[in-house]
Each structure stands twice: as C-alpha cells, then as structure tokens.
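Below is one structure, written out as structure tokens; the observations come after it.
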Number of protein chains: 2
Amino acid sequence: MFGRCTVEYDGRAASSLGAGNRLLILKPDGTALVHTDEQRTPVNWQPPGSEHRAAVRDGRLRVRSVRENPDERLDVRFDRVEQVSALPVTGGRSVDVYGSEEDLRHRILDEPELVEPGFEPAATERATAAGPVDVFGHDDEGRPVVVELKRRRVGPDAAGQLGRYVEALARELPDGTEVRGVLVAPSVTDRAGELLAEKGLSHVPLSPPASSTTPSGDGRGSTTAPERSTDADDGAD
Amino acid sequence: MFGRCTVEYDGRAASSLGAGNRLLILKPDGTALVHTDEQRTPVNWQPPGSEHRAAVRDGRLRVRSVRENPDERLDVRFDRVEQVSALPVTGGRSVDVYGSEEDLRHRILDEPELVEPGFEPAATERATAAGPVDVFGHDDEGRPVVVELKRRRVGPDAAGQLGRYVEALARELPDGTEVRGVLVAPSVTDRAGELLAEKGLSHVPLSPPASSTTPSGDGRGSTTAPERSTDADDGAD
DNA sequence: GTGTGCATTTCGCTC
DNA sequence: GAGCGAAGTGCACAC
C-alpha cells in the first residue's frame, strides 16, 4: 500500500511518525514494513509472526499489526491511499551466501596449516562454559588451541570473545594446562590487536575463500544452512 | 517493481537466487531492496549510496545496482515485469524512539541513587583506552565507578565490555586505584552473571523509562539524535 | 575514511 | 522459550 499516513509504534520501545506518503508492505508471514525514500532500514516495522488487521476508523483506513511476546503494536493510519497492490510472490525465498564464517571454517579444516604448521583440528563448536568454540585443536607440541573465526576485520569484541573461551577452557582442563588462543580474521583494529597482545592471544590474517569451498553435500558440519525453497510458480491473487 | 526475476549479488560476500516473483524497491538515495513474501530482512539488497541503472539485455530488463568501497554489485534480471510504480514519498523520514539506552542514561543522571546510594556521576562517554564509558562517576567512598548501560537483558558480551572498560581505567589511574564496574540493565543471563561475579563487577536491574524522560530540548547530550524531516508534501512523479 | 558501539537489531540454532 | 553468536548486519558519531 502507498499513501499518506501516520505511524505509531509501541512495544520494546515506542515511536511516533507524523503524516507523509510512505510505502507499507504487509507479508503473509506477519511481517510489516514501513519504508520512506531513504535508508535500507524501514522507518517502522513489525517482525514476522505478527497479525495484521485493517479497519476503517473515523472514516480513515487503519492497519494495525500486533504480536505478543514481546507485546508490540504498530498502527498505520491513512489519510489517503494512493495505491494498493496484492502481489503473488513465488520462487526461492533464501539464498546460499558464499564467503561466510562457515566457509572460512571449511577452509581451515581443509588446510589446518593455514592456522599454523602442525595445527590439528579436533572439534568444531566445542562446548565450553563460556560458549561454543569455533574450532578446537592442538598445536605441534600438543597444547590445546582455541580458534575463533571471523569473516571480516574485527574489533575489541572479538578479542574479548576469544579471551573468554580460552579462560573457560583453561579452567576446565587440568590445572596448569596452557591454552592458546588464535583469532583467524582478515585483519584486526589497533585496539583489538592490543587486547590480543595483553591476553597473550594471536592473530592469523586469513579471509573466507572468494567462492565457497564447501562441497555441495558436505556432511557433518553441525550447522549446514538448509536452503528453503519454493518451486511452485505464478500463483494468482 | 514486481515481476519474475533472478538475483545475483557479489561484494562483501556473494549469492545467487533462482527465478521467482519478487518485489524490487529502488530508492532515490541508492538503496535497493529485494523482498520475498517472508521475513523482515530483504533476500538481497544494496545499501544507500549505490547507483542504480536499468538496461535491456537479451530482450530482458536488467536492473543493476553498484557501489564502491566496498565494491559491490547487485543484478536483478526480469523475465516478466508485472508492475512498475513510481511513488512520490514525502513527510518525515525518521522517528524519535523512546526507551533507548540514551533514555536510560537520562534516567540515571536524573536519579543517580538508582545506581546506588551516594553515586555521583562525573561524566558521560568518558574516553578510555578501551573505548568510551557510558557513565563515569564515584561512589559514596570516592572510588571511581564505571557504569555500562544496556536497554535490554544482556549476555556475556556486555560483561566483557564492562570488564574491558574497568581494566582500561584501572591502568590509566594511579597504581592500586580500585575501579568498580556496574552493569545497569533490566536483567542478565546466567552466564553473564557468572562472568560479572568472576570479574568482581555488579549488576543493577533497571530498565529505560516507559516513555522518554528526555526534556524535548535537552541540551548537551553528546549524542542527541537529530530528527531529519521533510515537510514538503505530495510531489508528483 | 576507519573505529567503535547501539539497535524495536534480525536470524538461526541449541538446549 | 531462552540463550548465544553470526550477519553482505545497518547506522550514527568520534577520531
């Protein structure tokens, strides 16, 4: 729908938007989007799972989208509706993206020496008290190594994350076991580099492969993104 | 635009989407959005600042959106175009949101005893080697206190963040100065709670106010979001 | 332009 | 349902 409207939102936060011509998109999965002529992010929205209802109040069209947990409400009140379209969407809804962290993991499992000579991966997503470790293994002297993967340049948060994993594992293993931490990422910011140095962690500059190294049927990566796909085409509405 | 199309993306990552009917939104600021009938997030997109171009290739309409830094390209190739609309967007483009972290900060500056009795704020966004501290002040015994604000329930990352600030400040102040850290957030997860305990940090359960406590003209918050607004209405196209 | 952190983040997955 | 972390995160602001 396109037309002159006001928008009120109340839920996790609250907001109010004065009158103007905007695009309102209502999806059958319960998503609502209000777009202006700028930005990638909608000026207001409601997540999937909401319920849309339309009614005429005071002679004006009001579209209300509500969800629970958390309780949230979006009200779009139209002065004037310029256009309404019902669009029969079909075909694939999701894409396989290449160059993800998962691709970087495959790259490292294929060639562990990219981390360092003699590195031997033992597990992916290894559980620790601080959360799952991307790749866990041992160095050429048998010392445990925690590898944290990032597909892009990282800041201090990633250094902190790796530090938490290393610390959790050191606590879990026999007293005195030295646990090493390696951050694999294309690059790190200065502050991240300092943090790594402080904590005795290291950085290996490495990017995800340009195109996926994942064999199409790759077996057990505990997290292989399934491709949702709808093949029916051209329904009418 | 709505019609049957394929979508190819290459840039920070890469993806490919088979044929199907989708909605393509092109904004004058250079944003491009490809939406299916599910999810709040577009299946493909191009950020603001990109350049859109349309051309007929092999008898089919191709819309290409390109940007630099980083180099990214989005190609949408249409089999069939079901609908094209040019929509004259007008009115406000952004909203003031209530219930943000900034509102929580105002709440605390108004009533510092919400943090703890005797707490005295000294600065907001105080710079440290680890980054800016949300609220810096002193407790009833004059000890420096780092306050980190979160508008919603937090996980281990927030505990790590606060820990970094406390550590950076302790390093910066005279040797032996004890620096306290307080995480102000509605609640914390178990793991976050453990991390806080380990690092000797504390948690004060507090939420942003239900509606903004910010006086409409609030003066010097170093980050008062300006309301961009366009008042011209109903341009035609 | 890069760095840093907030966001009604969204999203997917595991427990 | 909650927790946890990735994302082509987007986005604004400071340096």
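By convention in this document, chain letters (A, B, ...) are assigned in the order of the sequence lines, proteins followed by strands, and residues within each chain are numbered from 1. Worth saying up front: this structure is predicted, and the values here are computed from it rather than measured.
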What's [X] touching, base or sugar-phosphate or nothing? Going by heavy atoms closer than 4.0 Å.
X: A:Pro48; answer: sugar-phosphate
X: A:Ala130; answer: sugar-phosphate
X: A:Ala192; answer: nothing
X: A:Gln46; answer: nothing
X: B:Pro47; answer: base
X: B:Gln161; answer: sugar-phosphate
X: A:Asn44; answer: base
X: A:Ser100; answer: sugar-phosphate

Point to revise | Whichever of B:Asp157 and B:Ser15 has its nearest DNA chain D nucleotide further upstream toward 5' | key: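 The residue mapped nearer the 5' terminus is B:Asp157.
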**Study point:** Closest-nucleotide 5' rank along DNA chain C - winner of A:Ala14 and A:Pro156
**Key:**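 Result of the comparison: A:Pro156.
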Practice item. Name the residue closer to the 5' end of DNA chain C, choosing between B:Asn69 and B:Val97 according to the nucleotide with the nearest heavy atom. Key: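 The residue whose closest nucleotide sits nearer the 5' end is B:Asn69.
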From [atom1] of [X] over to [atom2] of [N], roughly how many Å is that when rounded to an integer?
X: B:Leu162; N: C:dG5; atom1: CG; atom2: P; answer: 12 Å
X: A:Leu195; N: C:dT4; atom1: CG; atom2: P; answer: 9 Å
X: B:Trp45; N: C:dT9; atom1: CH2; atom2: C1'; answer: 13 Å
X: A:Asp103; N: D:dA6; atom1: CG; atom2: P; answer: 15 Å
X: B:Glu38; N: C:dG12; atom1: CD; atom2: C1'; answer: 14 Å
X: B:Glu125; N: C:dC6; atom1: CD; atom2: P; answer: 9 Å
X: A:Arg105; N: D:dA7; atom1: CZ; atom2: C1'; answer: 16 Å
X: B:Arg153; N: D:dG5; atom1: CZ; atom2: C1'; answer: 16 Å

When rounded to the nearest Å, what value does the distance between [atom1] atoms of [N] and [M] take?
N: C:dT8; M: C:dT4; atom1: P; value: 23 Å
N: D:dC11; M: D:dA7; atom1: C1'; value: 14 Å
N: D:dG8; M: D:dC4; atom1: P; value: 23 Å

Cationic N near anionic O, under 4.0 Å, [X] to [Y]:
X: A:Glu167; Y: A:Arg171; answer: yes
X: B:Arg62; Y: B:Glu8; answer: no
X: B:Lys27; Y: A:Asp37; answer: no
X: A:Arg151; Y: A:Glu101; answer: no
X: B:Arg105; Y: B:Asp103; answer: no

Review point. Considering residues at least two apart in sequence or located in another chain, which fulfil the side chain to side chain donor-acceptor pair (under 3.5 Å) criterion with B:Arg126?
Key: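 Once residues adjacent in sequence are excluded, the partners of B:Arg126 under the side chain to side chain donor-acceptor pair (under 3.5 Å) criterion are B:Glu172.
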Side-chain N or O of [X] versus OP1/OP2 of [N]: is the shortest distance under 4.0 Å?
X: A:Thr41; N: D:dC11; value: yes
X: A:Arg152; N: D:dT9; value: yes
X: B:Arg151; N: C:dT9; value: yes
X: B:Thr189; N: D:dC4; value: yes
X: A:Gln39; N: D:dG10; value: no
X: A:Arg12; N: C:dT10; value: yes

Review item, side-chain donor-acceptor pairs of residues 181-191 of chain B, under 3.5 Å, at least two apart:
from, atom 1, to, atom 2, distance (Å)
B:Ser187, OG, B:Arg153, NH1, 2.9
B:Thr189, OG1, B:Ala192, N, 3.3
B:Arg191, NE, A:Ala129, O, 3.2
B:Arg191, NH1, A:Ala129, O, 2.9

Proximity to the side chain of [X] - top-ranked nucleotide from [options]:
X: A:Tyr165; options: D:dC4, D:dG3, D:dG5; value: D:dG5
X: A:Ala13; options: C:dG12, C:dT4, C:dT8; value: C:dT8
X: A:Arg40; options: D:dC11, C:dT10, D:dA6; value: D:dC11
X: A:Pro132; options: D:dA6, D:dG5, D:dG8; value: D:dG5

